Amino acid sequence: PFIAERHLAFYTKSVEMGIPLKTENIFIRDFVNLNMGQTISKIADELLARPQFPQAIFISFIAAATPFVSFLEAKGKFTGKDYKLLLFDQDMWLMNYDGIAMIRQDWGKMDEVAIEWIAQQIKGKKDKFQKKIKPEFIVKEQ
C-alpha cells in the first residue's frame, strides 16, 4: 500500500507545480527480472541521445539510483550541475551528492502497519485497508 502513496504524492506535486508529464519521458522497466545495469545504461543512453538532456529526473526504484548516477558520471553528466534527481527511499551514499532530493517513509512505521494489515487478512477481514504513512521530503542543505 505504500508505493502507490509515494507515486501519488510525486505526480500530485508535479501537477501542482505545472511540470509537464509526457509519456515519452516515463520509463517503466522490470528491474527485478532484467539485468539492472544493462537496463539503466539503455535508459541513460536514451536520455543522453536527446537534443536536450533533462533538467530533472525521478527514480522510484532506489536500487537503480546509484548505478544510474554512476553511469551518467562516467558519461560526463553530474547531479547538481547538469540535472537534479529525486528518489524514493534514502540512499546514504547519494546523500553526499548535490542536486539530489529523496522522498522516504518511516520504515519502522511501515513494518508496523504491514503487520497490522497481515493480521487483518489472517482474521478474514475484507474491509479496505485505510492506513497511510505520510512521506518525508529530504533535501540536502547547501
Side-chain angles (χ1 to χ4, degrees), residues 1-123 125 127-142:
F2 310 114
I3 301 238
E5 289 176 15
R6 294 173 182 189
H7 283 104
L8 288 172
F10 168 75
Y11 290 109
T12 299
K13 189 54 90 175
S14 295
V15 171
E16 286 174 4
M17 295 174 69
I19 297 170
L21 300 173
K22 298 177 183 172
T23 55
E24 66 266 17
N25 293 332
I26 299 172
F27 298 88
I28 300 170
R29 300 292 189 271
D30 179 356
F31 290 109
V32 176
N33 295 314
L34 298 175
N35 178 318
M36 186 171 10
Q38 186 178 34
T39 303
I40 289 168
S41 69
K42 284 181 184 177
I43 292 170
D45 280 338
E46 185 175 325
L47 292 174
L48 289 164
R50 292 179 177 191
Q52 273 193 299
F53 190 78
Q55 295 176 345
I57 297 171
F58 164 66
I59 297 177
S60 65
F61 184 57
I62 194 67
T66 298
F68 184 80
V69 169
S70 298
F71 184 85
L72 285 177
E73 281 183 348
K75 298 288 187 167
K77 295 289 184 184
F78 299 91
T79 61
K81 178 180 155 243
D82 299 305
Y83 68 101
K84 294 190 180 356
L85 183 63
L86 176 63
L87 308 171
F88 276 148
D89 293 325
Q90 187 174 8
D91 183 307
M92 297 308 288
W93 183 70
L94 291 176
M95 289 288 282
N96 298 319
Y97 280 66
D98 290 332
I100 297 180
M102 302 177 190
I103 299 172
R104 71 169 176 195
Q105 288 172 305
D106 181 335
W107 282 100
K109 185 68 175 165
M110 287 172 66
D111 288 345
E112 290 173 24
V113 173
I115 290 167
E116 184 180 339
W117 176 73
I118 291 168
Q120 283 185 5
Q121 296 298 306
I122 290 170
K123 291 177 185 173
K125 291 190 177 183
D127 300 342
K128 184 175 178 184
F129 195 72
Q130 297 293 325
K131 299 279 181 155
K132 293 187 179 195
I133 299 171
K134 184 175 169 89
E136 175 188 1
F137 187 52
I138 304 166
V139 179
K140 178 182 167 187
E141 303 232 355
Q142 300 294 338

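In what follows, every heavy atom counts, from backbone to side chain, and hydrogens, waters and symmetry copies are set aside. None of these values were measured; they are calculated from a predicted model.
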_Can you confirm whether Glu24 is buried at CD, in the sense that more than 12 heavy atoms of other residues, nucleotides or ligands lie under 6.0 Å from that atom?_
yes
*Considering residues at least two apart in sequence or located in another chain, which fulfil the side chain to side chain donor-acceptor pair (under 3.5 Å) criterion with Glu16?*
Lys13
_Shortest non-hydrogen contact from Gly76 toward Asp82_ = O-OD2, 3.5 Å
*asked:* Which heavy atom of Ala65 sits nearest to which heavy atom of Leu94, and what is that distance?
replied: CB-CD1, 3.7 Å
To the nearest 0.5 Å, what is the distance between [atom1] ([X]) and [atom2] ([Y])?
{"X": "Met102", "Y": "Leu86", "atom1": "CE", "atom2": "CG", "answer": "9.5 Å"}
{"X": "Leu21", "Y": "Ile26", "atom1": "CG", "atom2": "CD1", "answer": "6.0 Å"}
{"X": "Asp98", "Y": "Lys84", "atom1": "CG", "atom2": "NZ", "answer": "9.0 Å"}
{"X": "Ser41", "Y": "Asn35", "atom1": "OG", "atom2": "CG", "answer": "8.0 Å"}

*Set of side-chain contact (heavy atoms from CB on, under 4.5 Å) partners for Pro67, sequence neighbours left out*: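 Expected list: Ile40.
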_For Ala56, side-chain contact (heavy atoms from CB on, under 4.5 Å) partners two or more places apart_ =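 Checked Ala56 against side-chain contact (heavy atoms from CB on, under 4.5 Å); zero matches.
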*asked:* I need the full list of salt bridge (Lys or Arg N to Asp or Glu O under 4.0 Å) pairs touching residues 35-56, with sequence neighbours left out, sorted by first then second residue.
replied: Glu46-Arg50
_Pair listing, side-chain hydrogen bond (donor to acceptor under 3.5 Å, both in side chains) test, anchored in residues 61-80, at least two apart_ = Thr66-Asp91, Glu73-Tyr97
_Of all pairs that satisfy ring-ring contact (aromatic ring centres under 6.0 Å, His included), the ones with a partner from residues 38-58, not counting sequence neighbours_ =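 ring-ring contact (aromatic ring centres under 6.0 Å, His included) check on residues 38-58 returns Phe10-Phe58, Phe53-Tyr83, Phe58-Phe88.
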